[in-house]
Amino acid sequence: MKKSFIILISALPLLYACMSEIQESETVADELGQALSTKLTGNTTGEHMEGCLLVFLDEAAATMAEESDLKTIAEGLFGGRKIEGFGPALRHMPKNEAAAKRLGLHRWYAVSFDKSIPVRRFAAEIAGHPGIRRIQFNNMPRLASDCKSRPFRLQTKSGAEEAEAIPFNDPLNGYQWNLVNTGDKAVAETAREGADVGVRDAWKLTGGTPDVVVAICDGPVKYTHPDLTGAMWVNEAEKNGEVGKDDDGNGYIDDVHGYNFYPSDQSHGKITWERDGETGHGTHVAGIVAAVNGNGIGISSIAGGTGKGDGVRIMSCQMFEGGRAGGDREMAEALMYAADNGACIAQCSYGYSAYLFQSDNAYSTNAPLEYSALKYFMDPENSNHPSLESNIAIYAAGNEAASSSDYPGALPICVSVTAFGPDYLPTGYTNYGRGCNIAAPGGDSTIGASIEEDNISRILSTCISEVAGEYAWMEGSSMACPHVSGVAALGVSYAGKLGKVFTGKEFVAMLLTSVNDINQYLEDGLKPYGNYNLNLKTYHNRMGTGAVDAWKLLMQIEGTPSAMVQTGKTSRIDMREYFGESADDLTYTGVEFTDEARKALGLASTPKVKDGMMEIICTKNGSAKITVSAIAGGKEASNGDNIGGMVISKEISIVSRGIHSDNGGWL
Amino acid sequence: MKRILPYIIAAFTILAAAGCKEKETPVDYNIFIVGDWRFMPEEFDEETTKVHLSFMEDNGFDLYQKIGDGRYRHYSGRWEVKGNTLSGEYSAGTSWGSSYALTSIGTDTLVMTALNGSEDVMKYAREAIPAEITDDATDVKSADTDNGRPIL
């Protein structure tokens, strides 16, 4: 292998000499074009970083690159071309080296060059080297909000109903309809009671626990914010170590609360919120998840504890700086850092524009590095909480009003979140439809009442004082997404408290079926939205499985009762108990059971699900479990060539006896 | 001796008669049933089939059941015994799934046999309902049918 690579390296100067002599030849140009066309992967039309390419080496080249001097390798790969840098795309091999190599992450390298050279041209010029299997632009995703942070200015406290409903002394929680919505008309004339995340009763059971770490993959989290400082994840070794030194040997220097992956010559990895163009987006998102509850400051949050500083923890995985995005490489690195340093939930309010990728295969082919990193994050070997056998990634669906989710959220391995307003109705900006899994409050300024210039139907959260003040209003599926992350974090905390363990799929299935029905509001009618109207029917059964409800998730984590049926009679089991309040709108894909279950219940035929009801005939007294599957997010499951929904499966315990009461009572 | 023998015989006869009357006295289930009972599952999994009943003197009842996983669910309503037949309804008027023929075994075991044709037999042991069950149970607010789904 070594010999063949040396031969290849030796052949390169000749190859490149030939290339420079005959570059003007149309034949060679065709050959280059063909080499590029076979090797160039990824989105080449969207935004990408200049002066940078990602290359995927073949196994031999990658092995050589690991064992040899990188300068020599670079000279072999790029001939006499002047480059500014060459090295592994991932600055450090992830902690789980075996998993990383299984995913091919070690074969990705990054080459940087003069930004004045168009990336396509440079790509074409290196495509001919046989050691390079793929070339990708370092594409840049977008944040899923309008990124306008509007300062909180209100002098008078309004939303008194919400304030009474939220059991913490945080003075601004009266404006947080997203946590507890009492239908207060001060928020919006069309505000609906219950259009929130159902967290009020959940707080009686848990406010989150500090062993749950949520990675905010976003702009910076201002870790000195008074309402966030008590919620930050702390790398104790770095905090107590030496400045400028990688005290814990994880490959990152001074990563006390996370790290800044944006390739900045100024920041050098330091979490930074002082660049021009900063909007506070990451800080806003973090506050929704875990701003400290009950500290007498600012806002309350979903998983910010019970007033004793005992909430979940926030890890800042900065991928955007000054509002500018890092590329695939930075996204990948951030996800792997999160996996390697203890996060069990990746909160990702960003994505690639809808319609850019029209299938899972298109995404994974065109963003292979990020896709591999996602799989690394979710590899069961990298799980970061004893109650969750694999970490979960939650994404914003996007804000293009498109009929499908942005990627990566649309992937069946990710949760994609759509946005509704205080009226429980879709916002005009939210993506919906294929690939969208669940809905949450995202804010809707078009319906909101303005009080002293603040439109309180947006989402209030923490912000960066240098940008828009300590607290600000924002709206977007970016804001909806952390609601689901916060609820998930509460759920993991509660599972830990009860000593329960779930696979990632089981947990996501519970999350996506812990919902309230919003389809009932979407059967017809119009919603005014700016200069036009939204046809609500367009969104029916297309906002995901329903509106996320934290209490329902905690009840599912406690456990679900058996379905009781009457022996010898056709019984109908309401799937809402198991698939959420919109169960009758879901597409069911199958009912499965073992032979033992069939015998225990005397099942003569396979039960069927129709209109949200399962019909079953048990001929014997007994009990057993059966598994029912449905699609969360659309009518078609993801098959690689489409944008499909996630298949979720629930195990239903059946008890058959000779007595049945209509209300499920034993007598 | 001959003179008092008839009296002795009469005394024994009276005593014997009295003893026979005690043995033949039927159980008054209106009284017997009052108290707390725990279901003893035989054809179901004990870990996932937990039922506690409490019958009150005023003919009210509480039912706490945990069938499968999750929390105990609390139902309430009214009961009635006629002879040895127990019947009742849940709050808001939904009838029980069956009425039951009652049989007692000793003072601490109640057997209920369904009279709806299934002849399901359920045994209950007299046992106080733990406070941790009654305190944390979720109330079933209505007996209204919602396609078999209780309204909590």
Side-chain angles (χ1 to χ4, degrees), chain A residues 201 204-205 498 500 510 551-552 554-579 581 583-584 600-601 611-616 619-625 650-667, chain B residues 39 41-45 47-53 61 63-77 79 86-92 94-100 112-122 136 138 140-152:
Chain A
D201 289 333
K204 293 174 190 166
L205 300 176
L498 299 181
K500 296 213 167 185
M510 288 194 297
W551 169 255
K552 289 186 185 218
L554 300 196
M555 290 298 99
Q556 285 214 51
I557 286 166
E558 283 192 2
T560 307
S562 298
M564 298 219 290
V565 301
Q566 191 167 12
T567 305
K569 301 264 166 83
T570 302
S571 297
R572 300 177 80 224
I573 300 171
D574 192 334
M575 288 291 99
R576 285 181 294 166
E577 181 86 56
Y578 310 96
F579 284 91
E581 294 293 323
D584 53 344
L601 296 172
D611 298 329
M613 302 294 289
M614 180 166 71
E615 278 193 4
I616 184 170
T619 59
K620 289 168 62 175
N621 281 7
S623 58
K625 292 184 179 177
K650 299 300 288 292
E651 198 171 58
I652 299 175
S653 173
I654 309 279
V655 169
S656 181
R657 51 195 288 257
I659 300 149
H660 172 75
S661 67
D662 288 339
N663 62 355
W666 180 255
L667 290 170
Chain B
F39 175 57
E42 288 175 352
E43 58 186 348
F44 301 103
D45 182 348
E47 282 308 305
T48 56
T49 316
K50 296 182 192 244
V51 180
H52 296 261
L53 290 164
F61 78 88
L63 158 64
Y64 298 88
Q65 64 183 60
K66 182 173 158 183
I67 316 297
D69 218 345
R71 294 191 167 200
Y72 273 90
R73 285 187 174 174
H74 171 228
Y75 296 78
S76 58
W79 62 271
L86 171 68
S87 59
E89 62 181 26
Y90 293 100
S91 305
T94 298
S95 295
W96 291 355
S98 176
S99 53
Y100 302 90
M112 293 166 61
T113 305
L115 294 173
N116 68 341
S118 68
E119 297 186 356
D120 275 16
V121 175
M122 285 149 289
D136 285 342
T138 304
V140 177
K141 290 192 178 105
S142 169
D144 282 348
T145 177
D146 187 11
N147 284 316
R149 188 161 173 268
I151 296 169
L152 300 179

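Numbered from 1 within each chain, the chains take letters A, B, ... in sequence-line order.
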Would you check if [X] and [Y] make a side-chain contact, meaning some heavy-atom pair closer than 4.5 Å?
{"X": "Ile659(A)", "Y": "Ser98(B)", "answer": "yes"}
{"X": "Met564(A)", "Y": "Gln65(B)", "answer": "yes"}
{"X": "Pro561(A)", "Y": "Lys66(B)", "answer": "no"}
{"X": "Leu53(B)", "Y": "Leu667(A)", "answer": "yes"}
{"X": "Trp666(A)", "Y": "Thr49(B)", "answer": "yes"}

>> Counting heavy-atom pairs closer than 4.5 Å to chain B, which one of Gly622(A), Ser653(A), Ser623(A) comes out on top?
In response: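 Among Gly622(A), Ser653(A), Ser623(A), the one with the most close pairs to chain B is Gly622(A).
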
> How close do Ser661(A) and Ser95(B) get, heavy atom to heavy atom, and via which atoms?
Replying inline: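 Shortest heavy-atom contact: CB-O, 4.4 Å.
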
> At a heavy-atom separation under 4.5 Å, does Lys500(A) approach chain B through its side chain, its backbone, both, or neither?
Replying inline: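 Only the side chain of Lys500(A) comes within 4.5 Å of chain B.
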
> Is it the backbone or the side chain of Gln566(A) that comes under 4.5 Å from a heavy atom of chain B, or both, or neither?
Replying inline: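 Contact with chain B involves the side chain of Gln566(A) alone.
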
> Side chain, backbone, both or neither: which part of Leu63(B) has a heavy atom under 4.5 Å from chain A?
Replying inline: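 Side chain of Leu63(B) only, per the 4.5 Å heavy-atom cut-off to chain A.
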
Nearest 0.5 Å, what's the [atom1]-[atom2] distance between [X] and [Y]?
{"X": "Asn116(B)", "Y": "His660(A)", "atom1": "CG", "atom2": "NE2", "value": "11.5 Å"}
{"X": "Asp662(A)", "Y": "Tyr90(B)", "atom1": "CG", "atom2": "OH", "value": "10.0 Å"}
{"X": "Thr560(A)", "Y": "Arg71(B)", "atom1": "OG1", "atom2": "CZ", "value": "12.5 Å"}
{"X": "Glu43(B)", "Y": "Ser656(A)", "atom1": "CD", "atom2": "OG", "value": "9.0 Å"}

> Given the rule in the side chain to side chain contact (heavy atoms under 4.5 Å, CB included) test, do Glu558(A) and Asp69(B) qualify, once you have shown the distances and angles that lead to the verdict?
Replying inline: CA-CA 7 Å; Glu558(A) 283 192 2; Asp69(B) 218 345; over 6 Å; no

> Is it true that Arg657(A) and Glu119(B) make a salt bridge, defined as a side-chain N closer than 4.0 Å to a carboxylate O?
Replying inline: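 No, no charged N to carboxylate O under 4.0 Å.
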
>> Counting heavy-atom pairs closer than 4.5 Å to chain A, which one of Gly68(B), Ala114(B), Gly97(B) comes out on top?
In response: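 Looking at each of Gly68(B), Ala114(B), Gly97(B) in turn, Gly97(B) comes out on top.
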
